[in-house]
Amino acid sequence: MDLCRLLLVDDHPLMRDALANLFRAEPGFEVVGEAGEGAEAVEKCLALQPDVVLMDIRMPGMDGIEATEQIVRQCPSTKVLALTTFSTLEYVVPALRAGASGYLVKDARHNEIVSAASLVREDELALSPSVASSLANNVLGDVPVPSVRRRSRREAVAHASGLWATGPLPGAPQLAPRELETLESIARGLNNAEIAERMSVSHGSVKAYVSRLCEKLAVRDRVQVLIAGIEWGLVKPALDDDDAGRP
């Protein structure tokens, strides 16, 4: 596989230096640029067309959420991995809805950051455990979910009903059994290889199921699949330790 080309976005030069040194020491990665705020990140993304952008959220000027939304719209082949200090829904949900393909907090271990960059490049889901826990415990409860966008039809249905993942909501897309099993596996944090093993199917079949989920839920990637599945009441991430993350 070609080198994974990275754009590093953070308003702290020391953080950018640390990330640059981390990835330059890793085979398979190339740091092609850096930016200190959102507008610069969008500009450099258009010029450099990186595979993955590591995006801070709180920055002066254009923040990481708005920058993510613009990058996803203008550079559709580029994936955004949010890498920030904050793991609360105030930041997590808007970042994911803006199009981020993953969300890590900055206390993640070096190998976790490297792995996450590889995962999002391959359309996999990358979330810090604290972020996954926050989504499970809050998005699935009766807690208002912040959003930087106008409500979609899907969100409006969920909001009006007062329900979050207590069963499929009126108008929810109809999923085939294998598609629902794939969605449930994504909600448990499994990657494509683990889903294939769990379902005893090929890696290509899992990709096809994920693609059909994107089509039926009218979203662009597996992160949005998870959010849409939760909002429609089709799935909930496992909350018990015995059932979290692995079959």
Side-chain angles (χ1 to χ4, degrees), residues 1-57 59 62 64-84 95-96 98-128 131 186 189-197 202-204 206-208 210-211 214 219-225:
M1 181 181 292
D2 296 335
L3 291 176
C4 180
R5 303 171 70 253
L6 302 174
L7 175 65
L8 309 178
V9 184
D10 198 290
D11 61 332
H12 295 290
L14 289 178
M15 184 64 189
R16 296 200 305 271
D17 288 345
L19 288 171
N21 289 334
L22 168 63
F23 281 102
R24 284 169 181 149
E26 291 288 333
F29 293 92
E30 178 186 6
V31 177
V32 297
E34 300 180 15
E37 56 89 30
E40 183 185 8
V42 175
E43 181 180 334
K44 289 196 172 181
C45 203
L46 287 167
L48 299 170
Q49 296 292 316
D51 297 307
V52 177
V53 177
L54 273 68
M55 179 73 73
D56 193 13
I57 295 300
M59 296 181 290
M62 182 189 293
I65 292 171
E66 184 178 352
T68 295
E69 194 165 17
Q70 291 199 24
I71 288 170
V72 167
R73 184 174 66 252
Q74 299 182 55
C75 305
S77 64
T78 297
K79 306 296 183 182
V80 177
L81 172 62
L83 180 62
T84 183
L96 295 180
S101 297
Y103 195 109
L104 292 187
V105 291
K106 288 181 178 177
D107 62 359
R109 294 190 294 270
H110 285 183
N111 65 310
E112 292 173 335
I113 296 173
V114 172
S115 175
S118 296
L119 286 172
V120 299
R121 188 194 188 191
E122 297 302 313
D123 291 325
E124 299 275 9
L125 176 63
L127 297 175
S128 286
V131 171
I186 292 172
L190 305 186
N191 60 37
N192 282 1
E194 292 166 333
I195 295 173
E197 181 179 357
S202 69
H203 192 271
V206 175
K207 284 191 170 184
V210 173
S211 179
C214 288
V219 296
R220 66 183 293 273
D221 58 34
R222 62 193 292 124
V223 176
Q224 304 296 317
V225 161

Taking all heavy atoms of [X] and all of [Y], pick out the closest pair and write down the distance.
X      : Y      : value
Ala126 : Val120 : CB-CG1, 3.9 Å
Leu81  : Gly102 : CD1-C, 3.6 Å
Met62  : Val42  : SD-CG2, 4.1 Å
Met55  : Ala41  : CE-CB, 4.3 Å
Ser101 : Lys79  : OG-CD, 3.7 Å
Pro50  : Thr78  : O-OG1, 2.7 Å

To the nearest 0.5 angstrom, please state how far the [atom1] atom of [X] sits from the [atom2] atom of [Y].
X      : Y      : atom1 : atom2 : answer
Arg16  : Leu7   : CZ    : CG    : 10.0 Å
Asn111 : Leu22  : CG    : CG    : 9.5 Å
Cys75  : Asp51  : SG    : CG    : 11.5 Å
Leu8   : Lys44  : CG    : NZ    : 10.0 Å
His12  : Leu19  : NE2   : CG    : 12.0 Å
Asn191 : Ser118 : CG    : OG    : 12.0 Å

Does atom [atom1] of [X] have more than 12 heavy-atom neighbours, drawn from other residues, nucleotides or ligands, at distances under 6.0 Å?
X      : atom1 : answer
Lys207 : NZ    : no
His110 : NE2   : no
Glu197 : CD    : no
Glu43  : CD    : no

[Y] backbone acceptor or donor facing [X] side chain under 3.5 Å:
X      : Y      : answer
Gln49  : Leu46  : yes
Glu122 : Glu124 : no
Asp11  : Glu37  : no

If you define the side chain from C-beta out and look only at heavy atoms, does anything of [X] sit under 4.5 Å from [Y]?
X      : Y      : answer
Val52  : Phe29  : no
Val210 : Ile186 : yes
Glu26  : Ile113 : no

*asked:* Tell me which one of Leu104, Val105, Ile57 satisfies side-chain contact (heavy atoms from CB on, under 4.5 Å) with Thr84.
replied: Ile57
_Run Met59 and Val9 through side chain to side chain contact (heavy atoms under 4.5 Å, CB included) and show every step you take._
CA-CA 9 Å; Met59 296 181 290; Val9 184; 3.7 Å; yes
